[in-house]
Enquirer: 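Handing you this structure, nothing more for now.
Numbers here are sequence positions counted from 1. In each ligand, atom 1 is the first atom listed, and ligand 1 is the first ligand listed. Nothing here was measured: the structure is a model prediction, and the numbers come from that model.
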Amino acid sequence: MNLKGRHLLAPMDFTVEEMQSLFDEAKKIIEKPEAYGEVLKGNILATLFYEPSTRTRFSFEAAMQRLGGSVIGFSEPGSSSVSKGESIADTIRTVACYADVAVMRHPKEGSAFVASQSSSIPVINAGDGGHHHPTQTLTDLLTILLEKGHFGNITVGLCGDLKFGRTVHSLISALNRYNDVKFTMISPAELRIPDYLREKLIQSGSSFHETTNLKEALPELDVLYMTRVQRERFFNEEDYIRLKDTYILDTNKMKAAKKDMMVLHPLPRVNEIHIDVDADPRALYFKQAKNGMHVRMALLMALLGKGV
Ligand code: NCD
């Protein structure tokens, strides 16, 4: 398995086996973090965030620092030459002069791909508009693996904004490669999964159904993946306000769920999971956020060709 020098733009860029190698490494990191303190000493990560972020940016920065490397970058484009009109291509060519790997989040679909075309260093897509977010998928899959021990033979419910939610698009694409994964898509009619994704599921003969009713779908699920309605991708505020509180998972609804159903959420949460659910042992979203750092450590090591 050699991921050295590769870009990660969409979850399908890595094979199932390559992903598994990252999960194996992440598990080793969780067991023995002290062994990894100097693995990336002397390496520099550039974080190029044209859109807000808490978990993705911080977990990448923490991952690099815990591996002994260091970080440069911007958390909003106004503080870089982007505000003077510099193109993505020129920015990444410049960044590649200083850093060994770059992670980029941008509101436009395809922007990480554009960057990768002009980059001599690996580019990691940390979210490109409503398209993909592959490292969130690594986080989600590692969390499922740690809890369930496997990906096959599970029913996964995805609830909320399935139209604009890039984490949903990436997770469905990745999970669809494992055997016997059944999908239940729970969303308002206006926020259903994009047509291209539905086509892909149909073509691959996957088992999925779409519903608007969370309560009815809940008892069958092994994993419930909640998402916030993506306000920044709406064309008008009224639609957002009308749709934002369609689904609210609370302790009462949780009574109908399986005893070992995992509740995941890429975060940030707005109203879609009541804070009372946090005390339920099935609520794993903060654990998931922590797993994100460990799997990103494994990813940075792999892209830079460094092992323990
Ligand atoms: C997600 C994103 O940016 O797409 N956040 C994250 O990276 N954990 C989800 C979201 O913003 O709703």
Enquirer: So, Arg166 and Glu51, do they make that salt bridge, N to O below 4.0 Å?
Expert: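 Between Glu51 and Arg166 there is a salt bridge, with a charged N closer than 4.0 Å to a carboxylate O.
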Enquirer: Restricting to side-chain contact (heavy atoms from CB on, under 4.5 Å), what partner residues turn up for Thr246, sequence neighbours left out?
Expert: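 Testing Thr246 for side-chain contact (heavy atoms from CB on, under 4.5 Å), a comparison that skips the adjacent residues, returns Pro188, Leu243.
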Enquirer: Could you tell me whether Glu61 and Arg57 make a salt bridge, using a distance below 4.0 angstrom between a side-chain N and a carboxylate O?
Expert: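 Arg57 and Glu61: salt-bridged.
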Enquirer: Taking any residue with a non-hydrogen atom under 4.0 angstrom from an atom of ligand 1, which ones do you get?
Expert: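 Heavy-atom contacts below 4.0 Å: Thr56, Arg105, His133, Gln136, Arg166, Thr167, Arg228, Gln230, Pro266, Leu267, Pro268.
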Enquirer: I'd like to check the salt bridge (Lys or Arg N to Asp or Glu O under 4.0 Å) partners of Glu272; sequence neighbours left out, ordered by chain and number.
Expert: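 Not a single residue meets the salt bridge (Lys or Arg N to Asp or Glu O under 4.0 Å) criterion with Glu272.
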Enquirer: Is the shortest side-chain N to carboxylate O distance from Lys258 to Glu220 below 4.0 Å?
Expert: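 Salt bridge absent between Lys258 and Glu220.
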Enquirer: Output every pair passing salt bridge (charged side-chain N to carboxylate O under 4.0 Å, His left out) with a member in residues 178-207, not counting sequence neighbours, ordered by first then second residue.
Expert: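 Counting only pairs at least two positions apart or across chains, the salt bridge (charged side-chain N to carboxylate O under 4.0 Å, His left out) contacts touching residues 178-207 are Glu190-Arg242, Arg192-Glu210, Asp195-Arg198, Arg198-Glu210.
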